[in-house]
Amino acid sequence: MKQELPTGGRKPRIGVLMPAGRIDGNLGVVTHTYNDPEKAKTLFTNIGDCFVYDSSLRILDYSELFPIYVPSDGKISETQIEKINQLDYIFLRGSNYINTNGQWDPITAVLEKTNVPVIAFGIGVQVPDNSDEYVNASTKRFLQLVADRSASIGVRGNLSKKALNSIGIKNVRIFGCPTTFRHCKPELKLRRVDAASIKKLGFTLRRKTHGFQTQQRFMLRTLAERYDTEILCAGELEEKQIYYARSK
């Protein structure tokens with residue numbers, strides 16, 4: 001997708017729809033619960049969305065970022081609508097929006113009051129492998145509006161493209177996950193690590209291991225016996241309870 005600059009050559013002012021975190025100085029994007037352990041242990045955070053959001057911002061060129069938060073009733077002030085309409089475009093961060101559980105009516109209602117273009121990439125699908133149903137009515141209406149405002153929608157793979165094509169959205173390009181472009185390098189080179197050279201290891205817990213919880217515990221225990229192992233959390237509440245308990 002070609003990012004068109006505004007007339008005059010200035011960098012665009014962009015709005016981000018429902019940002020997955022906040023920008024904290026040189027740290028980039030951090031979760032909304034960053035540096036607040038008590039809040040972090042009670043508020044679910046999808047750390048993957050936060051990571052994708054940060055990676056997306058690294059490949060966009062802009063002068064100002066305007067966060068757009070939409071309340072559950074979809075009501076925002078006329079002043080906010082006016083500010084949005086003064087932006088050069090709205091950025092929709094990549095996530096698994098193609099599913100049958102989405103409740104997008106409030107956000108769609110706000111977008112319908114605006115007239116700015118939308119740039120969307122990294123859109124994925126989250127449905128069972130054997131399903132032929134990809135979206136509900138709310139999600140379909142939202143994605144069709146995004147498609148109407150976009151030159152093209154960047155999706156993560158063939159299944160995402162197939163899902164959007166099934167609801168009449170044809171301006172689709174396979175883009176992949178934005179994290180692939182995190183360092184703005186056209187080619188990725190993975191360095192092979194010699195196991196004997198590892199001194200410190202990070203192990204990321206994962207709750208939804210689909211029947212492999214015992215294997216996860218075995219791997220953690222085995223690696224901890226061999227390496228100086230740091231437990232990392234991926235966002236689920238149970239994992240953050242373990243992380244902060246260990247940090248005391």
Side-chain angles (χ1 to χ4, degrees), residues 18-59 93-102 122-131 156-160 175-185 187-248:
M18 308 303 288
R22 55 186 173 83
I23 298 177
D24 189 307
N26 295 329
L27 294 178
V29 175
V30 298
T31 66
H32 291 295
T33 61
Y34 177 70
N35 269 348
D36 190 342
E38 294 306 314
K39 188 176 181 181
K41 289 186 291 186
T42 57
L43 181 66
F44 174 81
T45 300
N46 187 324
I47 200 68
D49 280 347
C50 186
F51 188 48
V52 169
Y53 177 38
D54 183 77
S55 299
S56 299
L57 292 182
R58 293 183 182 214
I59 57 178
R93 60 175 175 79
S95 191
N96 291 329
Y97 299 125
I98 308 172
N99 62 72
T100 57
N101 301 313
I123 307 302
V125 61
Q126 194 167 45
V127 297
D129 292 340
N130 59 350
S131 177
R156 297 192 181 187
N158 286 311
L159 183 58
S160 302
F175 180 95
C177 180
T179 55
T180 305
F181 310 97
R182 181 174 178 80
H183 298 293
C184 299
K185 294 181 179 179
E187 295 183 3
L188 293 178
K189 296 181 179 180
L190 302 180
R191 180 172 58 89
R192 185 181 296 275
V193 178
D194 180 11
S197 68
I198 298 174
K199 295 183 175 58
K200 192 168 185 178
L201 184 74
F203 189 96
T204 303
L205 292 169
R206 179 65 178 168
R207 176 168 56 89
K208 297 178 182 179
T209 47
H210 306 291
F212 293 94
Q213 292 90 342
T214 301
Q215 182 180 4
Q216 180 176 230
R217 289 195 294 269
F218 173 78
M219 289 176 60
L220 176 57
R221 185 183 65 187
T222 302
L223 291 170
E225 290 174 350
R226 183 171 180 179
Y227 304 107
D228 180 6
T229 302
E230 182 81 13
I231 297 177
L232 307 175
C233 64
E236 282 81 358
L237 299 180
E238 296 87 346
E239 297 170 1
K240 287 186 286 189
Q241 293 280 356
I242 296 173
Y243 176 82
Y244 285 114
R246 185 183 182 279
S247 299
K248 291 181 178 179

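None of the values given here were measured: they were computed from a predicted structure.
- Here CZ of Arg58 is found 14.5 Å from CZ of Phe181. Values are rounded to the nearest 0.5 Å.
- Asp228 CG: more than 12 foreign heavy atoms inside a 6.0 Å radius.
- Summarising the geometry, atom OG1 belonging to Thr31 is positioned 8.5 Å from atom CG belonging to Leu43; distances are rounded to the nearest 0.5 Å.
- Inter-residue side-chain proximity for Ile23 and Leu57 is flagged as met; some heavy-atom pair is nearer than 4.5 Å.
- Rounding to the nearest 0.5 Å places CD1 of Ile123 at 9.0 Å from CG of Asn96.
- Val127 and Ile98 get closest at one heavy-atom pair: CG1-O, 4.1 Å.
- Shortest non-hydrogen contact noted between Tyr53 and Val29 is CD2-CG1, 3.6 Å.
- Between the NZ atom of Lys185 and the OG1 atom of Thr180 there is a distance of 14.0 Å, given to the nearest 0.5 Å.
- Between Val30 and Cys50, every side-chain heavy-atom pair lies at or beyond the 4.5 Å cut-off.
- With contacts defined as side-chain heavy-atom distances shorter than 4.5 Å, the pair Thr222/Arg226 does not qualify.
- Annotation: the span from Lys41 atom NZ to Gln241 atom CD amounts to 5.5 Å, rounded to 0.5 Å.
- Closest approach of Asp49 and Gly94 over heavy atoms only: OD1-O, 4.2 Å.
- Side chain of Asp24 to backbone of Leu27: no donor-acceptor contact under 3.5 angstrom is found.
- Between the side chain of Arg156 and the main chain of Gly176, no donor-acceptor pair closer than 3.5 Å is present.
- Side-chain contact between Arg182 and Asp54 is present, with at least one heavy-atom pair separated by less than 4.5 Å.
- Considering all non-hydrogen atoms of both residues, Val52 and Cys177 come closest at CG2-SG, 4.0 Å.
- Closest of all the heavy-atom pairs between Thr42 and Leu237 is C-CD2, 3.9 Å.
- Under the 3.5 Å distance criterion, the side-chain polar atoms of Arg93 are matched with a main-chain donor or acceptor of Met18.
- At least one side-chain heavy atom of Gln216 sits under 4.5 Å from a side-chain heavy atom of Phe203.
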Listed pairs under 3.5 Å, donor-acceptor, residues 189-202 side chains, sequence neighbours left out:
from   : atom 1 : to     : atom 2 : distance (Å)
Asp194 : OD1    : Ala196 : N      : 3.3
Ser197 : OG     : Asp194 : O      : 2.6

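- Across all non-hydrogen atoms, the minimal contact from Arg22 to Tyr34 is NH2-O, 3.3 Å.
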